[in-house]
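All chains are named by letter (A, B, ...) in the order of the sequence lines, taking the proteins before the strands, and each is independently numbered beginning at 1.
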Number of protein chains: 2
Amino acid sequence: MQQPSAPRKATGRPPRISREEVVGTARRIVTEEGVGKLTMRRLATEIGSTPMALYHHVRNKEELLVLLLDDYAAQALRPTALPAEPRERVVAAASAIHQALAACPWIVEVLTADDLMSTHALWFVEQIVDGLVDWGLSLERAVRGYRAIWYYTAGEIVVRVTAARRRGADDRPTYREQVFAGLDPDELPRLAQAGERWEALTAEDTYEDGLRALVDGLLAAG
Amino acid sequence: MQQPSAPRKATGRPPRISREEVVGTARRIVTEEGVGKLTMRRLATEIGSTPMALYHHVRNKEELLVLLLDDYAAQALRPTALPAEPRERVVAAASAIHQALAACPWIVEVLTADDLMSTHALWFVEQIVDGLVDWGLSLERAVRGYRAIWYYTAGEIVVRVTAARRRGADDRPTYREQVFAGLDPDELPRLAQAGERWEALTAEDTYEDGLRALVDGLLAAG
DNA sequence: GGTACTTTCCTTACATGTACGAAAACTACG
DNA sequence: CGTAGTTTTCGTACATGTAAGGAAAGTACC
């Protein structure tokens, strides 16, 4: 496996393709035709190679997607001016990450990878941790707080995107619709009451509301 | 597609297998040998049928997994006594869901499905929404609050489980480790400071801490 | 019985990720 | 030049989910 920026070794068969070429071509396919069209075979022929040759530059398809995410983050997440006040800084940084990810639904398969450890997102992570510490949290609590924010953010995106994906691909009634249709108002009064509005409420973008609640709670606890 | 509890139609070729049999056999395979061993072919031969015959009782493999999750929830999530005080009731109900899911890591692929709309989990959802309303939130805010809690919960599980999965399957250094190794303390002081402890902090189970913060924030906002 | 219709089952075929092992292309050393 | 060692490339093979279309096994009406 070729290391991203390792010193060249002048031994062995000279490479014909590079990791950069692989990732670059993959990015082109994804942006032009969607992640669904990105297959190892397609990528290989596009590069003028064979599928198995790719595996010397990329561990597997999942790593390729992680690299694509990193690549995307580099372009979509640039440090900008953030509020000085700690609470607002935390909210703004998290919102920036969320917004970038939400605009790019194909990363869902990768989102679950680790925390968002893309090099280019780290600046925002720093802002979040720093904001929490500035408010008075210990470093430890601040890191935990960041993780809670990340769970919330990743969860929101993953759930929302896959739900939308499912809805689009099918015309049969949702499982949810079936469930709500058969609700017993005596046993589950609140859900029955919310029944009709549930669908609408679910569609709303309430990320920031929840984020603010979470941040408020984290700060109050510290 | 055979409906779960539709009135029998005495026309057409009589079915040889039922959805229940499919799900039941799938459950056995999963509990005995893990979700990795559950393939449509394996399932078919185990039942004494062919792969494509399964597709008349189950839309696709993903639906099968959703059914399995529902099945699991029915057994793992039984209504129990919860605290009367609203805040504690919300925390307890969410924690119960979280605990059940965390004990059953194979559902990760399904978790992203919808919100947890398993019939058998609805009681807990009801408790959460009801607790929030009891505290004084409008029904609308309560539903939004439940969704925030669900995002946080699903995100925590998905992220933690897949991270663990990745770690186990590989011996090469994590991407995270590589990133932290090359941190510039001038640009990202907080992260560099946390560097060594990050790994340990990540391993901790801080679900309930974050949950309490979120619930506190939701209640304070209402 | 015969024809039409319906539902379930099965055979075949394809696309995909990727494991395995060998071939190719180079350097280093004798 | 030849042999060994190293890295990259490639051909083949397999497991998997599932699409498409037809065969099988019943009922309903004549």
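For the pair A:Glu63 CD and C:dG17 P, the computed distance is 15 Å after rounding to whole Å. Atom CG of B:Leu64 is separated from atom C1' of D:dT16 by 15 Å (rounded to the nearest Å). Spacing between atom CD1 of A:Ile17 and atom C1' of D:dC10 amounts to 11 Å, rounded to whole angstrom units. One atom, CE of B:Met52, and another, P of C:dT12, lie 14 Å apart when rounded to the nearest Å. If you take CG of B:Leu38 and P of D:dT18, they are 11 Å apart, rounded to a whole angstrom. Atom C1' of nucleotide C:dC9 and atom CE of B:Met40 are separated by 14 Å, given to the nearest angstrom. Look at CZ on B:Arg19: it is 16 Å from C1' on C:dT7, rounded to the nearest Å. Regarding A:Leu43, its CG atom lies at a distance of 12 Å from the P atom of C:dT18, rounded to whole Å.
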Exercise for review: Check the pair A:Arg19, A:Glu63 against salt bridge (charged side-chain N to carboxylate O under 4.0 Å, His left out), reporting the backbone distance first and the verdict last.
Suggested key: CA-CA 11 Å; A:Arg19 173 187 271 219; A:Glu63 186 185 78; 3.7 Å; yes
Check your understanding: Stepwise, does the side chain to side chain contact (heavy atoms under 4.5 Å, CB included) test hold for A:Met40 with A:Tyr55?
Key -> CA-CA 9 Å; A:Met40 298 305 270; A:Tyr55 284 81; 3.6 Å; yes
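The environment of A:Glu46 atom CD is dense: over 12 non-hydrogen atoms of other residues, nucleotides or ligands sit within 6.0 angstrom. Heavy atoms from other residues, nucleotides or ligands lying under 6.0 Å from CD of B:Glu33 number more than 12. Residue A:Arg28 qualifies as enclosed at atom CZ: its count of foreign heavy atoms under 6.0 Å is above 12.
Of all nucleotides listed (D:dA19, D:dT7, C:dT18), C:dT18 comes nearest to the side chain of A:Tyr55. The side chain of B:Pro14 has D:dA25 as its nearest neighbour among D:dA25, D:dT9, C:dA19. The side chain of A:Thr11 sits closest to D:dG5 out of D:dG5, C:dG17, C:dA23. Among the nucleotides D:dT9, C:dT8, C:dT18, the one closest to the side chain of B:His56 is C:dT8. Nearest to the side chain of B:Pro51, among C:dT18, C:dC10, D:dT18, sits D:dT18.
OP1 or OP2 of C:dC9 sits under 4.0 Å from a side-chain N or O of B:His57.
At a threshold of 4.0 angstrom between heavy atoms, the contacts of A:Thr50 include nucleobase atoms, whether or not backbone atoms are also involved. Counting non-hydrogen atoms under 4.0 angstrom, A:Arg16 reaches the backbone sugars and phosphates but no base.
If you find the closest nucleotide of DNA chain C to A:Arg13 and to B:Gly48, the one lying nearer the 5' end belongs to B:Gly48. Two residues, B:Asn60 and A:Ser49, neighbour DNA chain D, and the one matched to the more 5' nucleotide by heavy-atom proximity is A:Ser49.
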